[in-house]
Amino acid sequence: MEKKREMFAGENGLQGDPRLKAISEAIRVVPHFPKQGIMFQDITTLLLDHKAFKDTVDIFVDRYRDMGISVVAGVEARGFMFGPSIALAIGAKFVPLRKPKKLPGEVISEAYVLEYGTDRLEMHVGAVQPGERALVIDDLIATGGTLCAAIKLLERVGAEVVECACVIGLPEAKGQCRLNGKPLYILVEPRK
């Protein structure tokens, strides 16, 4: 039997947890941004709500504290808002995965496909060592393309990607994740 690869917190140990409802309600929905038909999930309002922001970080910390993770890799830019706090709390280092030409040192990069073209993620050479256990964090998963690029980048330097984590997961992601076989942990579905 194939192991389920995506897990929504509300279906996996946190059923009925009021923190999940508060986190979801703290996320503002901006219709038709950045283009017509998109219901943008704005986490900046979550960051303004101290309790909901803390609960978000705490849920991730509780999950990852005892998994032997030494690297929390945050995807630019919104992964940077959650990743450092999680890394500090679990005793791991934070590694930023950036868009091209944002890191000053020597980098390795990984291209990925978007709906409207391609992009790249970059990481400093030497930031992650072979054998390190890594968590990839971002705010939202839609198609999984960015997270796949992050996984490939980390695996190219010999890291073991333990799991990917996102605050928000689009319902389309459920059951259709293509994260190179890596598990995905999601706190909430998007608000309408």
For this session: Could you tell me whether the side chain of Ile27 reaches within less than 4.5 Å of the side chain of Leu46, counting heavy atoms only?
Result: yes
For this session: With rounding to the nearest 0.5 Å, note down the distance linking SG in Cys148 to CD1 in Ile141.
Result: 7.5 Å
Problem set entry | Tyr185 side chain reached by Ile137 side chain, heavy atoms, under 4.5 Å | no
For this session: Nearest 0.5 Å please: distance from the CG atom of Leu153 over to the CD1 atom of Ile108.
Result: 4.5 Å
Problem set entry | Pair listing, ring pair (Phe, Tyr, Trp, His ring centres under 6.0 Å) test, anchored in residues 18-37, at least two apart | Phe33-Phe40
Problem set entry | Reported CG-to-CD1 distance for the pair Asn180 and Ile151, which is rounded to 0.5 angstrom | 5.0 Å
Show me the donor-acceptor pairs within less than 3.5 Å that the side chains of residues 87-98 make with the rest of the protein, sequence neighbours left out.
from	atom 1	to	atom 2	distance (Å)
Lys93	NZ	Ala127	O	2.8
Lys93	NZ	Glu132	OE1	3.0
Lys93	NZ	Glu132	OE2	3.4
Arg98	NE	Glu76	OE1	2.8
Arg98	NH2	Glu76	OE2	3.4

For this session: Give the minimum heavy-atom separation between Ala111 and Ala149, together with the two atoms involved.
Result: O-CB, 4.3 Å
Exercise. Taking atom CG of Leu140 and atom CD of Gln41, what is their separation to the nearest 0.5 Å?
Worked result: 6.5 Å
For this session: Could you tell me whether the side chain of Glu122 and the main chain of Lys101 form a donor-acceptor pair under 3.5 Å?
Result: yes
Exercise. Any chance CZ of Arg63 has more than 12 other-residue heavy atoms, nucleotides or ligands included, within less than 6.0 Å?
Worked result: yes
Exercise. Using 4.0 Å as the upper bound for N to carboxylate O, is an ion pair formed by Asp55 and Arg19?
Worked result: no
Exercise. Do Ser109 side-chain atoms and Arg120 backbone N/O form a donor-acceptor pair below 3.5 Å?
Worked result: no
For this session: Evaluate the side-chain proximity of Val29 to Pro190: yes if any heavy-atom separation is below 4.5 Å, no if none is.
Result: no
Exercise. Just wondering, are more than 12 heavy atoms of other shown residues or ligands nearer than 6.0 Å to CD in Glu106?
Worked result: no
Exercise. Minimum heavy-atom separation for Met123 to Leu154, with atom names?
Worked result: SD-CD2, 3.9 Å
Problem set entry | Hydrophobic cluster of Leu103, others only, ordered by chain and residue number, side-chain cut-off 4.5 Å | Val107
Problem set entry | Minimum-distance pair of heavy atoms, taken over all atoms of Glu163 and Leu184 | CG-N, 4.3 Å
For this session: Kindly compute the distance separating CD (Glu189) from OG (Ser24), expressed to the nearest 0.5 Å.
Result: 9.0 Å
Exercise. Between Phe82 and Ile43, is any pair of side-chain heavy atoms under 4.5 Å apart?
Worked result: yes
Seminar exercise, completed: Nearest heavy-atom contact between Cys166 and Leu147 is SG-CD1, 3.8 Å
Problem set entry | Evaluation steps, side-chain contact (heavy atoms from CB on, under 4.5 Å), between Leu20 and Phe8 | CA-CA 10 Å; Leu20 295 176; Phe8 279 80; over 6 Å; no
Seminar exercise, completed: Only residue of Asp139, Asp138, Thr44 satisfying side-chain hydrogen bond (donor to acceptor under 3.5 Å, both in side chains) with Arg78 is Asp139
For this session: Check Glu25 against Arg191 and note the closest heavy-atom contact, atom names and distance.
Result: O-NH1, 3.5 Å
Exercise. Linking I/L/V/M/F/W/Y whenever their side-chain heavy atoms sit closer than 4.5 Å, directly or via other members, would Val125 and Val71 fall into one cluster?
Worked result: yes
For this session: Taking all heavy atoms of Pro100 and all of Asp119, pick out the closest pair and write down the distance.
Result: CD-OD1, 3.7 Å
Problem set entry | Check: Leu179 and Val136 side chains under 4.5 Å, non-hydrogen atoms | no
